[in-house]
Amino acid sequence: MERLVLIALVGSVTAVLMRSVRHEYAILIATATAGILLIEGIILFTGFSNTLTMICREYSVSLEMLNAVMKILGIAYLTEFAVNIARDAGQSAIAGTLEIGGRIMILSCALPAAAALLETGASLIREAVS
């Protein structure tokens, strides 16, 4: 965690100092810093993902549902990352469109899980009525 904070501080200070000299370089530095932080975050997330997989196996939870949740989380974080980069670069129209695209992708990933949930609910109701 300390490593993430150090990278963020160095990148932020460098970008702020560079902004007065060359705004384009400041955006590149901020984007590179964000990319490095994203990669570091993914590396840290791998351990969390492995733990969740072990828990799902232990309690007989469907790994397909876990995969769907992981995809949704990944899409959400990557979309937020790209939206922030676009906003920092002054491209609010692109950022807004990207947010909508990310939401649509999340909905498309969540659809199978919602269908399975509805199917489970319907089968429970059928059993209760019978």
Side-chain angles (χ1 to χ4, degrees):
M1 182 63 186
E2 298 85 15
R3 186 174 173 169
L4 291 177
V5 172
L6 181 64
I7 292 169
L9 285 174
V10 169
S12 297
V13 169
T14 306
V16 167
L17 292 175
M18 191 57 76
R19 184 169 284 146
S20 63
V21 179
R22 298 280 311 248
H23 184 70
E24 303 84 23
Y25 290 158
I27 292 173
L28 288 174
I29 291 169
T31 304
T33 302
I36 291 168
L37 289 172
L38 180 67
I39 291 168
E40 289 288 327
I42 289 170
I43 291 168
L44 290 173
F45 184 74
T46 303
F48 175 73
S49 174
N50 292 339
T51 303
L52 277 179
T53 303
M54 287 183 349
I55 291 171
C56 285
R57 286 188 179 136
E58 184 176 328
Y59 293 106
S60 300
V61 176
S62 171
L63 288 178
E64 291 177 16
M65 291 299 170
L66 177 65
N67 287 338
V69 170
M70 295 301 221
K71 283 180 187 179
I72 290 169
L73 284 173
I75 291 168
Y77 284 123
L78 287 175
T79 300
E80 183 68 23
F81 173 75
V83 165
N84 287 332
I85 295 294
R87 285 208 174 109
D88 285 347
Q91 301 297 322
S92 59
I94 292 173
T97 305
L98 187 57
E99 281 179 324
I100 292 169
R103 289 179 184 143
I104 291 169
M105 289 176 63
I106 287 171
L107 284 173
S108 69
C109 286
L111 191 58
L117 184 64
L118 287 173
E119 183 179 325
T120 303
S123 68
L124 288 173
I125 291 172
R126 277 189 227 113
E127 286 180 21
V129 172
S130 300

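For the numbers below, each heavy atom of this structure counts, side chains included, while hydrogens, waters and symmetry mates do not.
The heavy-atom pair separating Leu44 from Leu4 by the smallest distance is CD1-CD1, 3.6 Å. What you find for Ala34 and Phe81 is that their closest heavy atoms are CB-CE1, 3.1 Å.
Between His23 and Ile27 there is a side-chain heavy-atom pair separated by less than 4.5 Å. You'll find the side chain of Tyr25 reaches within 4.5 Å of the side chain of Leu28, heavy atoms only.
Criterion: ILVMFWY side-chain heavy atoms under 4.5 Å apart, direct or through other members. Under it, Val13 and Ile7 are not part of a common hydrophobic cluster. Both Leu66 and Phe48 are members of a single hydrophobic cluster when ILVMFWY side chains are connected at heavy-atom separations under 4.5 Å.
Separating the CD1 atom in Ile85 from the CD atom in Glu80 is a distance of 11.0 Å, to the nearest 0.5 Å. How far OG1 of Thr53 is from CE of Met70: 6.0 Å, rounded to the nearest 0.5 Å. Distance check: Leu37 CG to Ile42 CD1 gives 11.0 Å after rounding to the nearest 0.5 Å.
Between Thr14 and the options Ile29, Thr33, Leu9, a side-chain contact (heavy atoms from CB on, under 4.5 Å) holds for only Ile29.
A distance-only check finds no donor-acceptor pair linking the side chain of Thr79 to the backbone of Ala76 [under 3.5 Å].
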Contacts table for residues 89-113: side-chain donor-acceptor under 3.5 angstrom, sequence neighbours left out:
| residue | atom | partner | partner atom | Å |
| --- | --- | --- | --- | --- |
| Thr97 | OG1 | Ala93 | O | 3.0 |
| Glu99 | OE1 | Arg87 | NH2 | 3.3 |
| Ser108 | OG | Met105 | O | 2.7 |

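Annotation for Glu24: atom CD counts as buried by contact number, over 12 foreign heavy atoms lying within 6.0 Å.
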